[in-house]
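Lettering of chains follows the sequences in order, A, B, ..., and the numbering in each one begins at 1.
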Amino acid sequence: MNKIKNTEYILSVKGLKKSFPIYGRGVFFKKHIGDIHAINDVEFNIGYSETLGLVGESGSGKTTLGRCLLHLEKLTEGIISFKELDFTNINISQLNSLRKEMQIVFQDPYASLNPRMTCSQIIGEPLKVHNIVSTKEEYEIRIKELFDLVGLNHSMANRYPHEFSGGQRQRLGIARALALNPNFIVCDEPVSSLDVSIQAQIINLLIDLQSKLNISYLFISHDLAVVRQISHRVAVMYLGKLVEIGDSDQVYSNPLHPYTQALLSSIPIPDPIKEKKRKRIILKGEPPHPMDPPSGCVFRTRCPIADEECSRIIPPMVKHNDNHEVACLKVS
Amino acid sequence: MNTILNINNLSVDFDTEYGIFHAVDNVSFTVSKGQVVGIVGESGCGKTVTTLAIMRLLDTVVGASIQGEILFEGQDLLSLRKKQMHQIRGNEISMIFQEPMTSLNPILTIGRQITESLELHLKMSSKQAKERAAELLDLVGFSDPYQKLNDYPQQLSGGMRQRVMIAMAISCNPKLIIADEPTTSLDVTIQAQILDLIMDICDKSGAALMLITHNLGLIARYAEKVIVMYSGNIVEEGIANQIYYDSHHPYTLGLLKAVPRIDGDIKKQLITIEGMPPEQTDQLIGCSFEPRCVYSVEKCKISTPKLESIQKHHLASCWQSAELKG
Ligand SMILES: Nc1ncnc2c1ncn2[C@@H]1O[C@H](COP(=O)(O)OP(=O)(O)O)[C@@H](O)[C@H]1O
Ligand SMILES: Nc1ncnc2c1ncn2[C@@H]1O[C@H](COP(=O)(O)OP(=O)(O)O)[C@@H](O)[C@H]1O
Ligand code: SF4
Ligand SMILES: [Mg+2]
Ligand SMILES: [Mg+2]
């Protein structure tokens with residue numbers, strides 16, 4: 001691993017690309033017919049104890065990006081450094097120690113929990129795999145601690161996940177992610193399948209855990225209102241590209257990219273008078289396929305202000321101010 | 001008469017292995033001609049079951065029993081023969097579901113699925129039906145309607161399929177459209193397109209719309225009248241402004257506070273509704289929201305509140321409603 005100088009960030013990403021090759025049926029062998037450009041030249045940092053929200057429509061590459069950070073996908077190109085260490089090309093033992101520090105919480109807690117294990121076994125498994133505890137007492141104490149942390153009653157320890165509600169399962173998923181004391185957690189749509197009242201409980205829990213345990217989050221969601229609630233900064237993704245990134249209050253109060261503007265104007269506000277008076281931008285059409293993204297700016301086919309230039313030039317990420325960057329040729 | 005749908009004391013029970021489950025419990029409400037009624041509530045509160053009862057789609061569900069009256073233009077749908085109901089369904093009342101893929105037939109072309117009901121309900125010739133089908137696809141925003149008639153559902157994106165569903169739903173000029181979470185599985189920019197399309201169609205044709213969703217923002221944008229359901233009951237009903245600015249039910253108030261928003265100040269913590277909705281076999285005495293309610297008093301545990309008038313158009317079922325200010 002190369003040491004690269006960088007003390008402010010727990011995680012830095014530079015020039016990240018991830019493509020999935022697509023094969024058609026050939027006569028004698030699989031024929032490579034193209035690539036899905038799931039992530040295309042993405043760059044960002046995440047600070048210590050910071051939450052970076054990642055928003056974008058389905059298929060924009062959010063999950064793939066999260067998986068790349070956790071080393072669950074091989075990068076096509078680019079550099080990811082974690083705590084100042086470049087871990088783009090690391091070996092198995094380095095990967096194992098990294099796994100302790102980086103965890104993931106999924107959208108569907110049920111699909112990610114082994115139905116044949118009790119809750120304490122589920123939470124305890126990583127402790128055993130990584131030899132975190134040496135005695136049975138230590139193990140029990142840690143399990144109890146984790147239950148308390150996520151607000152689950154310890155009396156449920158010997159129950160199975162199917163006996164739990166959606167919200168409780170998500171707490172369980174979070175407890176499992178916390179077991180090894182990670183510094184960084186990718187939360188991939190963690191509240192998307194939960195009802196409003198339960199969703200609020202889980203969001204509060206995640207915020208609470210961050211301040212108690214100094215964890216950094218990449219918080220992935222297609223729900224911009226949820227992301228606003230939890231994120232210090234937010235990144236907006238479209239067809240594998242970041243189009244805008246900045247402090248939450250700036251991006252939400254002064255969205256610069258036409259896509260961000262349209263996205264925000266599409267989110268209804270639970271306030272009838274305000275909502276009916278709002279000016280909305282309704283985008284035409286649907287996102288193009290990532291196998292064949294448009295030339296120039298990837299958003300130009302749906303952009304209300306695109307002109308000829310936009311089909312020729314790939315807009316670079318440009319600083320609007322110290323805490324707000326945007327990739328659009330028409331924003332000055 | 002201005003009322004198109006009048007539901008009186010509708011109850012739906014399911015006989016399950018754990019006992020009788022009251023999915024919808026003595027629900028009454030009306031929909032006026034051309035009105036947009038929003039029904040909101042968390043999953044499992046009985047929204048879909050209510051709509052299935054209206055469409056008589058519970059007839060074949062084993063263990064389901066329905067009581068009450070569902071008057072459509074004064075006629076009780078529950079007392080209609082199968083054949084009569086078939087005439088109404090898809091013709092006078094039509095439905096748009098959450099997941100169009102499961103309600104579209106994968107082995108029939110888009111064109112065939114639309115023309116089928118045109119031929120059946122409106123007795124069109126196959127040529128007329130085809131013309132009309134292309135017209136409908138054009139109306140819902142397809143740029144190449146004649147070509148699309150030959151496509152199969154799986155060749156289309158989620159948003160496109162929902163457009164096809166809408167084309168089918170409006171094909172016979174229904175007087176009432178029931179849209180059950182029509183955009184829940186779609187991305188927000190597509191969601192805005194689809195809902196604007198539905199509203200536009202209802203505006204032009206004068207059809208009434210029941211918009212069912214768990215999204216309080218969507219209800220605020222589109223609904224004139226709002227019905228809030230909890231655990232099989234209507235807990236509050238009123239015109240949109242009454243519900244959003246002057247709610248008299250703790251559950252509605254709780255929901256409005258718990259939902260994160262893209263406007264206004266960010267609260268450090270969201271205000272939550274503690275606990276979870278009641279399970280199947282739970283108690284039937286007292287207020288069903290009592291275990292989670294921050295306003296509850298002794299009476300709430302022993303006596304079930306009824307939906308009572310707060311002011312014109314505004315109803316709430318809560319013993320403490322007089323104490324609540326929105
Ligand atoms: N393993 C894979 N093989 C091929 N294509 C993939 C794979 N994983 C993701 N993709 C494609 O990459 C794109 C981005 O997907 P994803 O990261 O899941 O988006 P999001 O999470 O934003 O919805 C999509 O077009 C998806 O189909
Ligand atoms: N066929 C059935 N048998 C037993 N219970 C059912 C059946 N259909 C629905 N239910 C139950 O009825 C309740 C209301 O369901 P539903 O109307 O689908 O809720 P929602 O408000 O989410 O649409 C749920 O608890 C559901 O589990
Ligand atoms: S009746 Fe009582 S328990 Fe029920 S909502 Fe009102 S105050 Fe709360
Ligand atoms: Mg995803
Ligand atoms: Mg439903």
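- Nearest heavy atom pair, residue R228(A) against residue D263(B), reads NH1-O, 3.2 Å.
- The backbone N or O of L283(A) sits less than 3.5 Å from a side-chain atom of Q193(B), completing a donor-acceptor pair.
- When H222(A), R280(A), Q199(A) are compared by the number of non-hydrogen pairs under 4.5 Å with chain B, R280(A) comes out ahead.
- Ranked by heavy-atom pairs under 4.5 Å with chain A, the list T189(B), L218(B), I243(B) is led by T189(B).
- The main-chain N or O of I273(A) is never found under 3.5 Å from a side-chain atom of Y244(B) such that the two would form a donor-acceptor pair.
- When heavy atoms are compared at a cutoff of 4.5 Å, I282(A) approaches chain B solely by way of its side chain, counted from C-beta outward.
- Counting heavy-atom pairs closer than 4.5 Å to chain A, the top-ranked of the candidates A223(B), A192(B), G275(B), G217(B) is G217(B).
- Contact count versus chain A (heavy atoms, under 4.5 Å) is highest, among V226(B), I219(B), L270(B), for L270(B).
- By the 4.5 Å heavy-atom criterion applied to side chains, R261(B) and P270(A) are counted as neighbours.
- Using a 4.5 Å cut-off between heavy atoms, K257(B) does not touch chain A at all.
- At distances below 3.5 Å, not a single donor-acceptor pair connects side-chain atoms of D187(B) with backbone N or O atoms of E57(A).
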Step by step, work out the side-chain contact (heavy atoms from CB on, under 4.5 Å) result for I262(B) and Y252(A).
CA-CA 7 Å; I262(B) 55 158; Y252(A) 282 87; 4.1 Å; yes
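- A distance-only check finds a donor-acceptor pair linking the side chain of Q229(A) to the backbone of K267(B) [under 3.5 Å].
- Rounded to the nearest 0.5 angstrom, I269(A) CD1 and L216(B) CG are separated by 13.0 Å.
- With no hydrogens or angles considered, a side-chain donor-acceptor pair links E286(A) and S157(B) at under 3.5 Å.
- The choice from E42(B), H214(B), Q269(B), R221(B) that makes the most heavy-atom pairs within less than 4.5 Å of chain A is R221(B).
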Can you list the steps and then say if M276(B) with S197(A) is a side-chain contact (heavy atoms from CB on, under 4.5 Å)?
CA-CA 8 Å; M276(B) 287 174 289; S197(A) 70; over 6 Å; no
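- For the atom pair Y222(B) OH and K276(A) NZ, the distance stands at 11.0 Å (nearest 0.5 Å).
- Most heavy-atom pairs under 4.5 Å with chain A, from the set G264(B), S143(B), G254(B): that is G264(B).
- Separation of atoms CG (D195(A)) and CG (L255(B)) is listed at 9.0 Å; rounding is to 0.5 Å.
- For K274(A), the parts lying near chain B are the backbone and the side chain together; criterion is any non-hydrogen pair under 4.5 Å.
- Expressed to the nearest 0.5 Å, how far CG of D271(A) lies from CG of N241(B) amounts to 8.5 Å.
- When each of V259(B), D196(B), I271(B) is scored by its heavy-atom pairs under 4.5 Å with chain A, the top score falls to D196(B).
- The only option from V188(B), L195(B), N215(B) that meets the side-chain contact (heavy atoms from CB on, under 4.5 Å) definition with P268(A) turns out to be N215(B).
- Between the side chains of Q191(B) and S266(A), no donor-acceptor pair is found at a separation under 3.5 Å.
- For S265(A), the part sitting under 4.5 Å from any heavy atom of chain B is the backbone (N, CA, C, O) and nothing else.
- Distance check: I230(A) CD1 to I266(B) CD1 gives 11.5 Å after rounding to the nearest 0.5 Å.
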